[in-house]
Amino acid sequence: MNPIATPLNIERCWNFIGIEGDRSCPQLATYTHCRNCPVYSTAGRYLLERSIPEDYRHQWTELLAKSRADENSQISHALRTTQITVVIFRLQREWLALSAQIFKEISPPSVVHTLPHRSNQILRGLVSIRGELRLCISLSHLLNLEVADTAVQTLSPVVYSRLVVLEKADKTWVFAVDELYGVHQFHQDELQDPPKSLTQTYTKGLFHWQPGVSQERSHSVSYLDEELLFTTLARKVL
């Protein structure tokens with residue numbers, strides 16, 4: 001074997017007559033494996049000590065720029081295709097939404113039993129849900145929603161109020177809604193920044209929702225932050 005590695009034979013030795021080739025190299029009897037041979041070591045030193053090609057930096061710059069662009073494109077596509085599932089409901093004049101994952105049950109209206117020295121505008125009292133007493137709150141007062149003193153445009157001529165049961169991390173809260181639409185899905189990139197208002201604290205963003213083909217005007221829905229909502233209720237009520 002020629003102990004001098006050059007650009008002409010640097011990939012012709014072990015790949016053809018060595019351990020990766022037909023193993024006809026007579027030096028294999030001495031070194032057992034090509035990595036133990038001086039030619040292999042010399043070739044390694046040549047690869048490490050060889051001059052950098054003139055366009056080496058330019059090629060890697062283009063490659064890294066393309067990789068970054070592809071990564072950003074994948075992230076953008078994921079945001080566009082990520083769907084959020086919520087339940088939409090109305091309080092006073094405001095259409096609101098919360099993650100569908102925290103909705104445990106929808107129940108008909110029930111009598112709220114006030115708690116002595118505890119009930120207030122936010123904590124209304126206790127309500128029975130399937131025989132279990134649950135804390136009932138007023139989400140309208142927590143969000144400081146204005147009371148609708150005039151007629152409100154509804155989705156249906158007949159509107160039934162409902163009790164909504166939310167559950168997250170072993171905490172359960174019940175509150176009444178003036179109107180309930182149901183489950184809706186929208187894309188992550190549809191969320192817009194909320195306006196400067198009292199409800200902005202609890203709002204992740206706004207999205208436009210058109211409940212049906214017969215509706216000419218879409219509604220702006222506030223997507224509430226359930227983490228902040230549950231944390232605030234635990235601090236103010238419990």
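- A search for ring pair (Phe, Tyr, Trp, His ring centres under 6.0 Å) contacts involving Phe175 returns Phe89, not counting sequence neighbours.
- At most 12 heavy atoms of other shown residues, nucleotides or ligands fall within 6.0 angstrom of atom CG in Asp193.
- Interatomic distance, CG of Leu191 versus NE2 of His208, reported as 11.0 Å (0.5 Å rounding).
- Within the 6.0 Å centre-distance limit, the rings of Tyr40 and Trp14 are counted as a close aromatic pair.
- Applying the ring pair (Phe, Tyr, Trp, His ring centres under 6.0 Å) test to Tyr31 and every residue at least two apart in sequence or in another chain returns nothing.
- Side-chain contact between Trp173 and Leu135 is present, with heavy atoms from C-beta onward closer than 4.5 Å.
- Leu123 contributes atom CG, which lies 8.5 Å from atom CD1 of Ile137 (distance to the nearest 0.5 angstrom).
- When hydrophobic clusters are built by joining Ile, Leu, Val, Met, Phe, Trp and Tyr residues whose side-chain heavy atoms come closer than 4.5 Å, directly or via intermediates, Val165 is not grouped with Tyr160.
- Of the possible donor and acceptor atoms, one in the side chain of Asp178 sits under 3.5 Å from a partner among the backbone N and O of Gln92.
- A donor-acceptor contact shorter than 3.5 Å is absent between the side chain of Arg235 and the backbone of Phe230.
- Rounding to the nearest 0.5 Å places CG of Leu163 at 11.0 Å from CG of Leu180.
- Here the closest non-hydrogen pair linking Val221 and Leu96 is CG1-C, 3.6 Å.
- Side-chain contact between Ile122 and Lys236 is present, with heavy atoms from C-beta onward closer than 4.5 Å.
- Across all their heavy atoms, Leu28 and Gly18 have their closest contact at CD1-C, 4.3 Å.
- Ser99 and Glu226 share no side-chain donor-acceptor pair at under 3.5 Å.
- No side-chain heavy atom of Thr172 sits under 4.5 Å from any side-chain heavy atom of Ile129.
- Residues Arg162 and Glu179 are not paired through a salt bridge, judged by the lack of any N-O separation under 4.0 Å between the basic side chain and the carboxylate.
- Rounded to the nearest 0.5 Å, atoms CG (Leu142) and CG (Leu229) are 6.0 Å apart.
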Task: Evaluation steps, side chain to side chain contact (heavy atoms under 4.5 Å, CB included), between Leu98 and Val87 - done: CA-CA 6 Å; Leu98 278 165; Val87 173; 5.9 Å; no
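- Rounding to the nearest 0.5 angstrom, the gap separating the CZ atom in Arg90 from the OG atom in Ser161 is 10.0 Å.
- Looking only at side-chain heavy atoms (C-beta outward), Val164 and Val174 stay at 4.5 Å or farther from each other.
- His33 places a side-chain N or O within donor-acceptor distance of the main-chain N or O of Arg35, the cut-off being under 3.5 Å.
- Applying the 6.0 Å contact sphere to CD of Gln121 captures no more than 12 heavy atoms from other residues, nucleotides or ligands.
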TODO: Verify side chain to side chain contact (heavy atoms under 4.5 Å, CB included) between Leu224 and Leu143, making sure each step is shown before the conclusion.
DONE: CA-CA 10 Å; Leu224 300 180; Leu143 300 179; 4.1 Å; yes
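- Closest heavy-atom contact between Ser222 and Leu206: OG-CD2, 3.2 Å.
- Between Leu133 and Ser128, the closest side-chain pair of non-hydrogen atoms falls below 4.5 Å.
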- [ ] List the steps and the verdict of salt bridge (charged side-chain N to carboxylate O under 4.0 Å, His left out) for Glu105 and Arg134.
- [x] CA-CA 12 Å; Glu105 188 176 351; Arg134 301 293 187 182; over 6 Å; no
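- Side chains of Leu139 and Leu91 form a contact here, defined as non-hydrogen atoms less than 4.5 Å apart.
- Remark: the backbone N or O of Lys168 is not paired with any side-chain donor or acceptor of Asp170 at under 3.5 angstrom.
- For the pair Glu190 (side chain) and His187 (backbone), a donor-acceptor distance under 3.5 Å is present.
- Within the model, atoms CD1 of Ile88 and CZ of Phe186 stand 8.0 Å from one another, a figure rounded to the nearest 0.5 Å.
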